[in-house]
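A note on names: the letters A, B, ... follow the listed sequences, proteins ahead of strands, and every chain is numbered from 1.
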Amino acid sequence: MPEGVQAPPKETAAGTEGRPRLVVCLPPSEGALELVRLAHRRAAALGADWFALTVETPGQADLLPQKQEALRQALQWAAQLGGQVVRASGVRVGPEILRFARENRATCILVGKAGGRRRPRLWGRSLADCLLRHSGVEVWIVPLPEGEPEGAAPRGTRPRFRRWLWEYGLAVAGVGLTSTVAGLLSPWLSFTGLALLYLLAVALISATVSRGPALLAAAAGVAAADFLFVPEYWSFRLAYPDYALTLVVMLAVSIIISGLTARSRFQARVARLRERQAAAMSELGQKLSLAANRETLLATAVAHLGEVLEARVSVLLPGPEGELTLAAGPPLPEDVRESMVARWVYRHRHPAGAGTDTLPAVRALYVPLGPPQDPVGVLRVELPDQGLVVSEMLPLLQGLARQVGLALEREELSRQARAAQVEIEAERLRNILLSSVSHDLRTPLTVIAGSASTLLENPGLDKATRAELAHNIYEEARRLDRLVHNLLEMSRLESGRVELHPDWHDLEEVLGSALHQLETRLQGRPLVLELDPDLPLVQVDAILLERVLINLLDNALKYSPGDRPITLKAHRSKGEVVVEVADHGPGLPPGAEARVFDKFYQAAPGTHRGVGLGLSICRSIVEMHGGRMEAANRPEGGAVFRFTLPLGKDAPADNGEMPHPQGQAPHETPHSPY
Amino acid sequence: MKPRILLIEDDVHIRRFLRASLPTQGYELLEAADGREGLSLAASQPVEVILLDLGLPDLEGLEIIRQVRQWSRVPIIVLSARDQEREKVITLDAGADDYLTKPFGVGELLARIRVALRRSMQDREGREETVFEVGNIRVDLEKRRVFRGGEEVHLTPTEYKLLTVLIRHAGKVVTHRQLLKEVWGPSFVDQGAYLRIFVRHLRRKLEDNPARPAFLLTDPGVGYRLRAPEE
């Protein structure tokens, strides 16, 4: 029994100091359900927190499946009723209960006292006595019904039954074999030597079988030794009393050996299990902490859990409308019950599905993700064999699910933090926008208002002046329209609301229509066009690409003197088309080559009218098309803006392979060419 | 008799400046402030052209076009905002004849109205043009011969077919879909690439500077427009 009080587990300590705590010990028997019922009632009456404790002991593996099932049900029920389920393991039940009660400062222990024949020493009088003697807390002992008749094992448990048979058979066969060997060696060995041989056999048998068969081997060994090698031979009667002592010692040593080996094997098994769980948990923690975003986090979790549990694992998370949807892992089978169970688990915060009591008809086990009181989703685990492993695996599974849930929550929090950062940036941009827009919109508005009011208030103006003022109004209105259009375009691009409608387009045609739009402003301006005549079609959104060309040309017009030529080039280069717009103006200030594409950047503020959005829009559009955009100063003077457009793989060829309306003159066959 | 134009437009200022300009250009203007009033005016009075705003408060422009088209082939010119390319195409495919992007100048509007009137007059009189001439391009539709500046140009059958469709709609926009359907057939309406390639060929054969076309104009995102002789 460990000395000293250890810190209670976290979840039992938080916020409930001072409330009474009740521990109910659940035995692996049908009485466990009754105990849960009682504990729940008492805890409610006392206003107590309560724990459903079960202690795994070495003998438990030998128990009938019905008993284990009863215990599992009881534990689940306890959890549903608000009890905290705790599994401990130890060699003896009593000390484990006491240790747990002490560590968690339990005020009351509830145990059952059965007349059951199977484990009278642990669950009968001596357990209650042990608790009463050592606990120093209130102990309630509840009489439980007699253990039910064991009956035939149900069909599903045949493998276990077979293992039993095999182990007992092995014990008997081992003793038989030893007896044969001992018989052969008996001419040369004393009885003590033969007895040691039997001890060796018992030790070997104990090392491979569970406790029951080991004890059988011990008893059978002693009986065989007595029957075969103690005078009188072929009888159990003892001729000399010192043989009796040897036999008694032999029996005692055999029993101790079998007990010790069984115990150490059990502890090794528990240790292995714990180790595996701890390794799985820590590895998962490490992997999750490396995940950069929600998608990789989910993918990592699904992959890791799948590997550790050797199962198909999926994660279901609530969507925007609270409806659980698949977030990672293989999709659910097309069975409405599966999603129903998932929803149940999410709502009731409790595991359900295959291998459990609740809604077991589905193929997978569903466990809430994240903290039990506030799950963030549901973990779906489809184990390859849904046998009896679920009850053993559930604690590990819940631990893992909790870890994944916490990681998701953490990720969500950091995402929110990032979103807040983006929001701040957007706010900053909005402020710049507002101040610059209010300036740039007011200038043309001032011209319009001024010209119009002059026209209104001076009916005597000469015809030429009137025409000039009207022209003023018209020009400024056009400018305002361009400005508003750019602003709208930018905000649409920024918000990601722009949908690309790509189709195969002739670059020459798009350029032609951009030039057409700028016709009045281009009048008198020398324009040099150097377009590769064999340019293939490009897959672009023509309207957006036209906007790029208009903005680049507009920029060139604004920033170079009215008589200097503007050059437009387009040629094919490797897998892309390169388009250049060059002017013969003063060029870009040093260091501005990259910054000209920033929003609201103006190379020479105040000298030209505009918001500083045009080039920024160009870059956004080009990048949407998978191209690059850059600005540079030309060695011969002036600035050049260059962008690329990737060439699609299956660009329609301009080689007459187009389907023509065939056979007859086309105007006579307006329909179907084939 | 002055041609009568029905304007269906909810914005009072737009109505005001059109009221100031259209009558001085020899048109009679009927005004409707919403779709229902517009429909009832169009049904009760003979009109030569309908100018239809796309953003009416009561009825979708598309709905009005469909209703009018049930009983009349009167030209409909749609007035729409700039970012509504898809709506423009939809209304044109639904039976509108042309469109004008806001903000527009009176000059552009008058040109569109003239084209629409010429077209509907031709339709009424059932007169087929035998020769089409614009700029230095001359197309003899009877003999199926095309000349540019007096020199004959050789077109492939598909190019010629494309050109005749554009001539039939000269002055107004023809959507990509309409062109593909009329030239290649209904199953090719999504094959925009064919159209682009053949338009490029036509421009190289007919235009002096194909990169700055003077006749075969592009309406980005909507379709093509062959400049009408009177423009």
Minimal non-hydrogen separation, [X] against [Y], with atom names:
X: Arg478(A); Y: Pro103(B); result: NH1-O, 3.7 Å
X: Gly105(B); Y: Tyr474(A); result: CA-OH, 4.1 Å
X: Pro213(B); Y: Gly512(A); result: CD-CA, 4.4 Å

Under 4.5 Å to a heavy atom of chain A? For Phe104(B) that would be backbone
Proximity breakdown for Val199(B) and chain A, heavy-atom pairs closer than 4.5 Å: side chain
Is atom [atom1] of [X] surrounded by more than 12 heavy atoms (other residues, nucleotides or ligands) closer than 6.0 Å?
X: Glu468(A); atom1: CD; answer: no
X: Arg521(A); atom1: CZ; answer: yes
X: Glu60(B); atom1: CD; answer: no
X: Lys205(B); atom1: NZ; answer: yes
X: His471(A); atom1: NE2; answer: no

Given heavy-atom pairs under 4.5 angstrom as the criterion, report whether the side chain, backbone, both or neither of Leu480(A) touches chain B. neither
Can you tell which of Leu535(A), Val510(A), Leu507(A), Leu531(A) has the highest number of heavy-atom pairs within less than 4.5 Å of chain B? Leu535(A)
Interface residue of largest heavy-atom contact number with chain B, from Asp503(A), Asp506(A), Leu515(A), Leu511(A), under 4.5 Å: Asp506(A)
Residues of residues 537-546 of chain A with any heavy atom under 4.5 Å of a heavy atom in chain B: Leu537(A), Ile543(A), Glu546(A)
Give the C-alpha distance, both sets of side-chain angles, the deciding distance and a yes or no for side chain to side chain contact (heavy atoms under 4.5 Å, CB included) between Arg200(B) and Glu509(A). CA-CA 8 Å; Arg200(B) 164 155 49 173; Glu509(A) 172 174 289; over 6 Å; no
Pairwise distance NE2(His516(A)) to OG1(Thr218(B)) - rounded to 0.5 angstrom: 8.5 Å
Rounded to the nearest 0.5 Å, how far does CZ of Arg203(B) lie from CD of Glu508(A)? 7.5 Å
What do the steps show when you test Leu529(A) against Arg212(B) for side chain to side chain contact (heavy atoms under 4.5 Å, CB included), and what is the final call? CA-CA 10 Å; Leu529(A) 294 178; Arg212(B) 301 186 74 178; 4.2 Å; yes
